[in-house]
Amino acid sequence: MKTTVFLGTASAAMLVAGLAGAQTLSDVQERGTLNCGVSTGLTGFSAPNASGEWEGFDVAVCRAVAAAVLDDPSAVEFVPTTGKTRFTSLASGEIDLLSRNTTWTFSRDNDLKFEFAGVNYYDGQGFLIPKELGVTSAKDLDGATVCVQTGTTTELNLADFFRKNNISYEPVPIETNGEAQQQYIAGACDAYTTDASGLAATRASFENPSEHVILPEIISKEPLGPLVRHGDSEWGDVVRWTLNALVAAEEYGVTSANVQDMASAPGDNPEVNRLLGTEGELGAMIGLDNDWAVKAISAGGNYGELFARHIGEDTPVGLARGLNAQWTNGGLLYAPPFR
C-alpha cells in the first residue's frame with residue numbers, strides 16, 4: 001500500500017527538519033525498546049495473533065533489529081499505522097522504524113526525507129475479484145466498482161490503468177485493509193486493488209478463499225521495505241545491514257538452527273565468518289557487538305525461513321518466492337558483501 005506525497009508533504013518535511021540529530025541508536029539503547037510502526041493488520045505481514053502478540057514477515061524485521069541492537073527480539077513496542085498516519089509517525093519520532101508494506105519511491109526518499117533500508121519484498125499492484133464474476137483479465141473490468149485506499153499511489157495507479165485501457169470504473173474509497181475486506185465481502189465493490197501480496201494476505205483471511213481470484217495483471221512496480229528518517233545515517237546503517245544479514249544468511253546456509261554452532265566453530269568461508277563476527281570488527285563499525293548478526297538471525301531465522309513461515313506457499317497467504325528468490329535462484333535478492 002502506497003500513500004502519495006501530495007498529502008502532508010510539507011508538514012512531514014518540517015517535522016523531520018525539527019528533529020534532533022543522529023541519535024536514534026542511542027535513544028533505542030537507552031530506552032531499552034524499539035518503537036516499530038506496522039500495519040493495522042495484514043495477515044502474514046503484520047497482525048496480532050490469538051494471544052495478542054504481533055507476528056508476520058514485516059514484524060520479523062522489527063524483531064531482528066531489536067535483537068541486533070538490544071539482544072532481545074521481544075523488546076519491541078509495535079505501533080499500528082494507517083496509510084495516512086505512518087509517515088507522520090516516523091517523521092515525528094513516535095516510531096524509530098517503519099516496517100509496513102511501504103513502497104520505495106523517489107519522492108518519499110527525497111521530498112518526504114525518509115531513507116529506505118532496502119527491499120524486503122518485491123511487489124506490484126493487482127486486482128482481487130470474486131470468482132463468480134467470471135472475469136479473467138483486469139481489462140474486462142469496464143464499469144466495475146473498485147475498492148481502493150484513498151490518498152495513495154494505489155489510487156493513482158488505478159486511474160492510470162483504466163485511462164490507458166480506455167475503460168471506466170467507480171472508486172469505492174476505503175481507509176484501511178480491514179475496511180476493504182468488509183466492503184468487498186459485503187459486495188460494495190466488484191474488485192479490490194492493492195499490492196498483490198496484500199491481496200493474497202486479504203484473501204487468506206476470508207472464510208472461503210478459493211471463491212476469490214487475483215487477476216494476472218500487475219500494473220506497477222512496488223519495492224516494499226523498511227524505512228527510517230533522513231539525517232541519521234548510523235541508525236539507517238543498523239537497519240540496512242540487519243536486513244542484509246538476513247538475506248546473506250540464507251545465501252550462505254546460515255539458519256536459526258545452526259547459527260550458534262557456526263559462530264562457535266568458525267568455518268573456512270571468510271564471508272560467513274565476518275557476517276557472524278568471528279573474523280574482523282564489522283559490529284564496531286555500526287556501534288554494535290560483533291555478534292549482532294548472530295542475534296538477528298537467531299531471532300527468527302534467515303530471510304528464507306521468515307518468508308516460508310509467514311507468507312510462503314505452505315501458509316494461508318501462499319506466495320511463491322518469484323522475484324523474491326535469491327539471485328542465485330533467478331530472483332532479485334542480493335546482499336552486498338560483508339567485508
Side-chain angles (χ1 to χ4, degrees), residues 11-41 45-49 51-82 85-102 108 112-118 120 225-246 277 281-301 306:
S11 60
M14 290 172 62
L15 283 168
V16 175
L19 291 176
Q23 60 183 27
T24 307
L25 177 58
S26 59
D27 285 348
V28 171
Q29 291 173 327
E30 291 173 10
R31 189 192 310 133
T33 56
L34 169 70
N35 295 331
C36 199
V38 291
S39 74
T40 54
F45 285 88
S46 53
N49 61 22
S51 301
E53 299 174 341
W54 282 88
E55 60 184 13
F57 191 63
D58 289 333
V59 166
V61 173
C62 304
R63 295 199 185 280
V65 172
V69 174
L70 302 170
D71 194 17
D72 184 359
S74 67
V76 185
E77 182 70 29
F78 291 101
V79 180
T81 63
T82 68
T85 66
R86 55 183 164 172
F87 295 138
T88 301
S89 294
L90 180 59
S92 68
E94 179 186 5
I95 57 177
D96 309 304
L97 164 66
L98 179 62
S99 184
R100 181 202 180 280
N101 53 301
T102 298
R108 290 172 179 174
L112 288 186
K113 306 300 181 185
F114 295 132
E115 182 175 332
F116 282 79
N120 73 330
L227 60 156
V228 298
R229 292 177 290 275
H230 263 191
D232 198 343
S233 297
E234 182 182 27
W235 178 243
D237 287 341
V238 168
V239 177
R240 177 178 303 104
W241 284 97
T242 298
L243 177 58
N244 285 335
L246 302 181
E281 297 292 335
L282 298 188
M285 296 182 189
I286 55 174
L288 300 178
D289 295 335
N290 232 30
D291 64 347
W292 62 276
V294 174
K295 297 171 182 176
I297 298 163
S298 298
L306 298 177

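Residues forming a side-chain contact (heavy atoms from CB on, under 4.5 Å) with I286 (at least two apart in sequence, or on another chain): D237, V238, L288, W292. The side-chain contact (heavy atoms from CB on, under 4.5 Å) test applied to E77 returns N35, not counting sequence neighbours. Every residue two or more places apart in sequence or in another chain that forms a salt bridge (charged side-chain N to carboxylate O under 4.0 Å, His left out) with D289 is listed here: K295. Partners of E115 by salt bridge (charged side-chain N to carboxylate O under 4.0 Å, His left out), not counting sequence neighbours, listed by chain and number: R240. Residues that satisfy the ring pair (Phe, Tyr, Trp, His ring centres under 6.0 Å) test with W235, not counting sequence neighbours, are absent from this structure.
P226 and L97 make their closest contact through CB-CD1, 3.8 Å (heavy atoms, listed as atom of the first residue, atom of the second, distance). Nearest heavy-atom pair, T24 versus R229, reported as atom, atom and distance to 0.1 Å: OG1-NH2, 3.4 Å. Residue L112 comes nearest to F87 through the heavy atom pair CD1-CD1, 4.0 Å, listed as atom of the first residue, atom of the second, then distance.
How far CG of L90 is from CG of L98: 6.0 Å, rounded to the nearest 0.5 Å. Atoms CD1 and SG, on I95 and C36 in that order, are 7.0 Å from each other to the nearest 0.5 Å.
Partner of R86 under the side-chain hydrogen bond (donor to acceptor under 3.5 Å, both in side chains) criterion, chosen from T102, T81, N101: T102.
The side-chain hydrogen bond (donor to acceptor under 3.5 Å, both in side chains) pairs that include a residue from residues 62-76 are D72-S74, where partners are two or more places apart or lie in different chains.
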Open item on the list: Test side chain to side chain donor-acceptor pair (under 3.5 Å) on T85 and T82; report intermediate values, then the result.
Closed with: CA-CA 5 Å; T85 66; T82 68; 3.2 Å; yes
